There are 2 protein chains.
Amino acid sequence: MNAPQAVGKQGRKWDQVLEGARTVFMRDGFEGASVDDIVRAAGVSKATLYSYFPDKRLLFLEVAKVECQAQSDAAVAQVEGSDSIRGALTTAAKRMTRFFMSDVGLQVHRIIVGESQRFPEIGREFYESGPARVHEILRMFLKKSVEAGHLDIDDIDLAADQFPELCKAGLHLKLLLGLREPPTDEEIDRVIDGAVDLFLCKYERRR
Amino acid sequence: MNAPQAVGKQGRKWDQVLEGARTVFMRDGFEGASVDDIVRAAGVSKATLYSYFPDKRLLFLEVAKVECQAQSDAAVAQVEGSDSIRGALTTAAKRMTRFFMSDVGLQVHRIIVGESQRFPEIGREFYESGPARVHEILRMFLKKSVEAGHLDIDDIDLAADQFPELCKAGLHLKLLLGLREPPTDEEIDRVIDGAVDLFLCKYERRR
DNA sequence: CGAGATATAAACTGTCCAGTTCAGTTTTTT
DNA sequence: AAAAAACTGAACTGGACAGTTTATATCTCG
């Protein structure tokens, strides 16, 4: 009567704990979430939670890591399959931007930034499993395109940093601070198209 | 019968309180700073602090506001007095970027982002006295330059959002998360020059 | 000087919360 | 079925910390 085993199973309530933690952390932030809230949401006893995770911080770290990895995994697949440079960049931008602007993306960002002082390894984990992967994917794509003669870029690393930044233009900070409603698709497209136009105007091989 | 408003110089220790609060908040963040630490740093009694500020949150709000305003005031002056467009943008970028990357700028950003959920007005105040002013200055500068025929920009608001974003490329997030040392002047120049080049490549009137 | 405003130290209140403990129950394994 | 492992619930500990109170002191200005 063995159900197919979950990978890395440390106990039967592992997933329940993570899911409850995700819910509460995303709703209330790190400080705002109490462990009692989490165990309640998870439907699990406090002792069980503490048998999996030595403390609240590491529990959060796990939640954030899982969240970021899921996202940037999904991103990798999509950039590859596109014909034109412009199309590929637009596709990448869309996915990236949608995550930046999503409730979960914003909340992870808020918490990580807020806590990175007290817990430096949280910042590191987040960076590695999110922004660093985006940078890497983009860098490789640009490099290939330069070698193929489609783009003309001097400083590829800089360009790979500029593009995601352009995708945030105006919207991201305002959302982060809770100063506006989620953008409509039109607003996102305006920013993305602007980003791609600006980017390609300089880096597209003209001759 | 008005209760003494939170903000209003009403005693000789006002500045001392603010200075102590600035020190401790910048060092420890909002949650990390205890009011007892602050009064100790300020050389003031707790009762005095609470006679000026009804609570910790409003004290922090005041500190952040003062900090941002000082910065963006300084910025306004400099953009005006520059001959070329490129020169003006470079100057603006330098000042902006230096603040983004400074310890104080980063710490204000961290705290505000971290707390904006729980205290929405903190986010608003910060945005108005910092990013919004930068946007406004830049927008007016671009508008004038377009009217003078030096630039050719379709969506001025978007462009005014793109430029500051470009100035962060790569460095800002890493610093925010404590993942690297403060950048050297060369590194900052690389990012700034890259930003100005990219920006002007598209928006400079070519004909 | 002297009155009112301002400041002080220190103890105190009340609350919140991370993490522990343990006696007892349920589930899994053998 | 019996042993082992996982889980529960609830109470408890210890510490942190925002904000209050009080009795006392010092400054400022008419």
Side-chain angles (χ1 to χ4, degrees), chain A residues 1-21 23-25 27-64 111 114-115 117-119 121-122, chain B residues 1-21 23-25 27-64 111 114-115 117-119 121-122:
Chain A
M1 213 202 266
N2 279 344
Q5 282 215 0
V7 232
K9 167 182 172 182
Q10 343 241 341
R12 42 197 158 98
K13 307 267 172 128
W14 175 271
D15 290 341
Q16 241 171 291
V17 171
L18 266 195
E19 182 49 31
T23 304
V24 178
F25 279 135
R27 192 186 60 217
D28 300 336
F30 180 79
E31 293 288 346
S34 83
V35 175
D36 289 286
D37 286 348
I38 292 174
V39 301
R40 212 172 304 127
V44 132
S45 82
K46 216 171 174 178
T48 299
L49 185 151
Y50 277 104
S51 82
Y52 292 155
F53 297 95
D55 60 36
K56 187 186 173 186
R57 192 173 48 88
L58 286 177
L59 171 57
F60 173 72
L61 194 55
E62 185 63 24
V63 170
I111 300 177
E115 303 300 327
Q117 285 300 277
R118 256 188 293 196
F119 314 122
E121 69 279 24
I122 273 186
Chain B
M1 299 288 147
N2 286 348
Q5 262 314 333
V7 185
K9 288 197 179 186
Q10 31 188 315
R12 30 192 172 103
K13 306 269 173 122
W14 175 272
D15 290 341
Q16 241 170 296
V17 172
L18 266 195
E19 181 51 30
T23 304
V24 179
F25 278 135
R27 192 187 58 216
D28 300 335
F30 179 78
E31 293 289 348
S34 84
V35 175
D36 289 287
D37 286 348
I38 292 174
V39 300
R40 212 172 303 126
V44 133
S45 82
K46 215 171 173 180
T48 299
L49 184 151
Y50 276 104
S51 81
Y52 291 155
F53 297 94
D55 60 36
K56 187 186 174 186
R57 192 173 48 88
L58 284 177
L59 171 58
F60 172 72
L61 195 55
E62 184 63 24
V63 170
I111 301 177
E115 302 300 326
Q117 285 299 277
R118 257 189 295 198
F119 313 122
E121 69 279 23
I122 273 186

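None of these values were measured; they are calculated from a predicted model. In what follows, chains carry the letters A, B, and so on, assigned in the order in which the sequence lines appear, proteins first and then strands, with residues in each chain numbered from 1.
Considering T23(A), V44(A), L49(A), D28(A) in turn, L49(A) is the only one that fulfils the side chain to side chain contact (heavy atoms under 4.5 Å, CB included) rule with I38(A).
In this structure, K46(A) places its NZ atom 12 Å from C1' of dG9(D), rounding to the nearest Å. Put simply, CG on D28(A) is 10 Å from P on dC17(C), counting in whole angstrom units. The distance between atom CZ of F30(A) and atom P of dC16(C), rounded to the nearest whole Å, is 19 Å. As rounded to whole Å, 14 Å separates atom P of dA18(C) from atom CZ of R57(A). The interatomic distance linking Y50(B) (OH) with dC12(C) (P) rounds to 19 Å, in whole Å. The CG-C1' distance, from L49(A) to dT21(C), rounds to 16 Å in whole Å. Taking atom CD of E31(B) as the reference point, atom C1' of dA18(C) lies 15 Å away to the nearest angstrom. If you measure from atom CZ of R40(B) to atom P of dT8(C), you get 15 Å, rounded to the nearest angstrom.
In this structure, the side chains of I122(A) and F30(A) stay at 4.5 Å or more apart for every pair of heavy atoms. At least one side-chain heavy atom of E31(A) sits under 4.5 Å from a side-chain heavy atom of R118(A). Side-chain atoms of F60(A) and F119(A), non-hydrogen and from C-beta on, never get closer than 4.5 Å to each other.
Counted by atom type alone, S45(B) and T48(B) present one or more donor-acceptor pairs between their side chains at under 3.5 Å.
Counting only heavy atoms from C-beta on, S51(B) has its side chain closest to dA7(C) among dA18(C), dT8(D), dA7(C). Of the candidate nucleotides dA18(C), dT8(C), dG19(D), dA18(C) has the atom lying nearest to any side-chain atom of K56(A). Relative to the side chain of Y52(B), the nucleotides dC7(D), dA18(C), dA7(C) differ in distance, and dA7(C) lies closest.
Counting non-hydrogen atoms under 4.0 angstrom, T48(B) reaches a base of the nucleic acid. Counting non-hydrogen atoms under 4.0 angstrom, F53(A) reaches nothing in the nucleic acid. Within the nucleic acid shown, G43(A) comes within 4.0 Å of sugar-phosphate atoms alone, with no base atom in reach, counting heavy atoms only.
Regarding contacts with the backbone of dT8(D), a side-chain N or O of K13(A) is found under 4.0 angstrom from either OP1 or OP2.
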(message) So if I define the base as every atom that isn't primed, P, OP1 or OP2, how would nucleotides 22-30 of chain D read as a B/S/- string at a heavy-atom cutoff under 4.0 Å?
(response) -----SS--
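One finds no salt bridge joining E19(B) and K13(B) here, because no Lys/Arg side-chain nitrogen approaches an Asp/Glu carboxylate oxygen to under 4.0 Å.
Listed for the K56(B) side chain is no donor-acceptor partner under 3.5 Å among the backbone atoms of S34(B).
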